[in-house]
Amino acid sequence: MVLQIDQFMCREDNFGVLIHDPKSGETALIDAPEERPILAAIERTGWKPTMILTTHHHQDHVEANLALKERFGLKIFGPKDSKIPGIDVELSEGSKFEFAGQPAEIIETPGHTADHICYYLPKSHVAFVADTLFAMGCGRLLEKPASVMFQSLKKLVALPAATTLYCGHEYTLANARFALTIDPTNSALKERAAKVEKLRADGKPTLPTTLAEELATNPFIRWHDPAIRKNLGMENATDAEVFAEIRKRKDNF
Ligand SMILES: [Zn+2]
């Protein structure tokens with residue numbers, strides 16, 4: 001079964017994503033950042049949403065939950081023990097969950113928020129990682145410390161490298177500029193940063209990405225890299241310490 005996926009902008013820099021199974025008509029919205037652009041995407045694609053898959057409780061990911069639930073009678077899935085508006089089904093790591101008959105895995109990734117979950121569809125080689133991992137970046141640590149986010153990111157980097165990653169925000173340009181300060185001799189990063197400058201100058205999105213591309217260019221998951229460690233003066237630090245230092249530097253960038 002081939003899923004169809006449509007990504008569109010909401011608010012300032014949020015992504016909305018619709019995933020659609022043409023056979024069953026089942027359609028999921030990954031987060032609900034803003035009603036108007038979501039309705040426009042539904043109109044444009046003709047895909048009527050049957051569910052919302054919520055990643056975390058932030059307002060810019062759940063704002064349209066109740067309005068869309070009322071309009072479409074859809075079901076809202078999301079993390080357990082949270083405050084997701086209109087939630088019907090609470091999910092946690094290991095929850096049995098399917099989208100259009102294909103298995104969907106819930107990966108708990110606390111860090112940005114305590115409740116953050118990612119959705120991974122192994123048969124479609126796609127994961128929705130919202131505000132945990134970004135192109136050349138990672139989410140801000142608002143509710144959990146770096147040691148917790150490090151463990152969450154380790155789960156994501158263990159996915160197959162060919163996995164396509166959909167992220168919550170278009171932060172790629174700022175992330176690329178920061179990444180170059182951490183990993184200035186990485187030629188894959190330099191090439192990617194140039195590509196991103198061009199895409200953004202043309203007003204085009206830089207996502208989705210792939211895990212392979214992030215493994216090659218994203219300093220937040222390249223804690224093992226000798227050149228980065230040398231640049232930071234952290235040759236003998238643990239992976240978690242290297243990650244924490246990079247996150248701290250980004251906060252002050
Ligand atoms: Zn968030």
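Note that the structure is predicted; figures quoted are calculated from it, not measured. Whatever order the structure lists ligands and atoms in, that order sets their numbers, starting from 1.
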Can you tell me, to 10 degrees, how wide the angle at the Zn ion (ligand 1) is between NE2 on H112 and NE2 on H56?
100°
Measuring from the Zn ion (ligand 1), name the closest N, O or S atom belonging to H58.
ND1
For the Zn ion (ligand 1), does an N/O/S atom of [X] lie at less than 2.8 Å?
X: H61; result: no
X: D131; result: yes
X: H116; result: no

Give me each pair satisfying side chain to side chain donor-acceptor pair (under 3.5 Å) with a member in residues 75-87, each pair once, sequence neighbours excluded.
S82-D115
Pair Y166 + F15: ring centers closer than 6.0 Å
no
Can the ring centroids of H61 and H169 be said to lie less than 6.0 angstrom from one another?
yes
Can you see whether E170 engages T206 through a side-chain donor-acceptor pair at a distance of less than 3.5 angstrom?
yes
Answer yes when R222 and D239 have at least one side-chain N-carboxylate O distance shorter than 4.0 Å, and no when they do not.
no
